[in-house]
Amino acid sequence: MIDLEDFDCPICTKPLIATIFQRDNGHPACSVCCPILRNKCLFLAMDKVLESICIPCSVLGCTKNVCYGGLSATEKECTLSLCACPVPGCKYTASYKDVYNHYNISHQKSFCWERPMHDMFTFGMSFILELDINDRVSIMREHEKSLLFVFQCFKKLCGVYVTVCCIAPSSPEVEDFSYNLSYDMGGQTMIYKSLKVKNIRKVSLQIPQDNFMLIPQSLLHGELLNIEVSIKRMNEV
């Protein structure tokens, strides 16, 4: 009987993942811990051992088997991984499709009462989205794939950061998307083209480090932003 704890990094106690290093005392170490070590070398034999061990996916309800060395990536990629409802204050968590259904039943009418049924879009079709820079979170629905897309505004002295994320794990089943944003004010037009929509399982209130449009303070007029949006499947771009 294999004890899976034997395949944990003895330093951080997390499952070993390739590439694995061997210390001078013969014990293994994961690639995360290796920078703090000296006298280390690649432990290719252990890489092969981990690749040969398959265990059930750790995500509740999933019946797939995964490589033990890929456990850390499994939770991010499994379609049943828990995602959080993007509505501020809501504590609901479930798979991304269940979160979509939960939003439709519990939040859609109250969260979008000013524009009922105008929070849906079709991939490849442009639409105008009115964002209140003080709300910070706006939600749009795509029915075909049962996906929620979150638009966030972060107001700072330099201007407003605008981001677009998809509530879903980074799974091939979800597909990859890109988006374009166009903002016009007083005859000046800003266009932002994103290479890829970021998939997230929980909305963050931290200012993004990348993948955002920054509208400078000089182009702002009031608290509302009217932005033309287009979200496309990457295989159709």
Side-chain angles (χ1 to χ4, degrees), residues 54-67 70-129 131 135-153 162-181 194-206 208 211-212 227 229-237:
C54 290
I55 62 174
C57 176
S58 60
V59 177
L60 183 65
C62 184
T63 59
K64 297 180 180 179
N65 288 329
V66 298
C67 170
L71 278 177
S72 60
T74 299
E75 187 177 358
K76 296 179 182 179
E77 297 178 355
C78 182
T79 56
L80 296 180
S81 293
L82 291 182
C83 294
C85 176
V87 174
C90 183
K91 304 298 183 182
Y92 183 83
T93 59
S95 69
Y96 77 96
K97 289 188 176 181
D98 285 341
V99 169
Y100 177 88
N101 293 330
H102 159 80
Y103 176 83
N104 286 342
I105 296 171
S106 302
H107 299 298
Q108 193 275 327
K109 290 184 179 179
S110 58
F111 198 70
C112 302
W113 65 272
E114 292 181 331
R115 48 187 180 90
M117 301 309 295
H118 289 278
D119 64 333
M120 301 192 73
F121 72 94
T122 301
F123 290 127
M125 300 291 289
S126 297
F127 59 93
I128 302 297
L129 180 62
L131 298 175
D135 283 348
R136 301 192 69 176
V137 175
S138 295
I139 300 169
M140 293 290 292
R141 299 178 294 160
E142 203 293 316
H143 180 68
E144 179 186 349
K145 295 289 293 184
S146 298
L147 291 171
L148 297 178
F149 286 80
V150 177
F151 295 76
Q152 289 181 270
C153 293
V162 181
T163 67
V164 182
C165 294
C166 176
I167 300 295
S170 300
S171 169
E173 177 184 299
V174 179
E175 298 185 48
D176 292 328
F177 308 98
S178 64
Y179 69 90
N180 295 343
L181 302 178
S194 169
L195 295 178
K196 183 179 178 181
V197 175
K198 184 177 181 180
N199 287 8
I200 59 173
R201 292 184 293 150
K202 183 178 181 180
V203 170
S204 171
L205 298 181
Q206 300 295 318
N211 206 7
F212 59 82
I227 297 180
V229 182
S230 176
I231 301 177
K232 303 178 181 179
R233 288 185 167 94
M234 291 190 68
N235 59 9
E236 296 178 352
V237 177

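This chain uses plain numbering: 1 for the first residue, then up along the sequence.
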Greater than 12 external heavy atoms within 6.0 Å of K145's NZ
yes
Relative to the ring of F121, is the ring of F123 parallel (under 30°), tilted (30 to 60°) or perpendicular (over 60°)?
perpendicular
Which pair of non-hydrogen atoms, one from Y96 and one from P169, has the smallest distance, and what is that distance?
CD2-CD, 3.7 Å
Just how far is it from atom OH of Y100 to atom CG of L148, taken to the nearest 0.5 Å?
7.0 Å
Once rounded to the nearest 0.5 Å, what's the spacing between atom OG of S230 and atom CZ of F127?
8.0 Å
Taking all heavy atoms of I139 and all of P86, pick out the closest pair and write down the distance.
CD1-CG, 3.7 Å
Residue pair K202 / A84: nearest heavy atoms and the distance that separates them:
CG-CB, 4.0 Å
Minimum heavy-atom distance between I200 and C165, given as atom pair plus value:
CD1-CB, 3.7 Å
Is a donor from one side chain sitting under 3.5 angstrom from an acceptor on the other, for N211 and S194?
yes
Donor-acceptor pair, side chain of Q152 and main chain of S204, under 3.5 angstrom
yes
Ring centres under 6.0 Å, that's the criterion: do F177 and F149 meet it?
yes
First locate atom SG of C153, then atom CZ of F212, and finally report the distance between them rounded to the nearest 0.5 Å.
13.5 Å
Can you tell me how far CG of L129 sits from CE of M140, rounded to the nearest 0.5 angstrom?
6.0 Å
Can you find a heavy atom in the side chain of N180 that is under 4.5 Å from one in the side chain of V229?
no
Ignoring hydrogens, what is the shortest heavy-atom contact between C83 and V99? Give both atom names and the distance.
O-CG2, 3.4 Å
I'd like to check I231 versus E142 (side-chain heavy atoms, cut-off strictly below 4.5 Å). Are they in contact?
no
In Å, rounded to the nearest 0.5 Å, how long is the span from CG of L195 to CE of M234?
7.0 Å
If we only count heavy atoms from C-beta on, is the C90 to H102 side-chain gap below 4.5 Å?
yes
For I167 against L147, the heavy-atom pair lying closest together
O-CD2, 4.4 Å
About how many Å separate CD of E144 and CE of M120, when rounded to the nearest 0.5 Å?
10.5 Å
Hey, are the side chains of Y92 and V87 touching, using non-hydrogen atoms and a 4.5 Å cut-off?
no
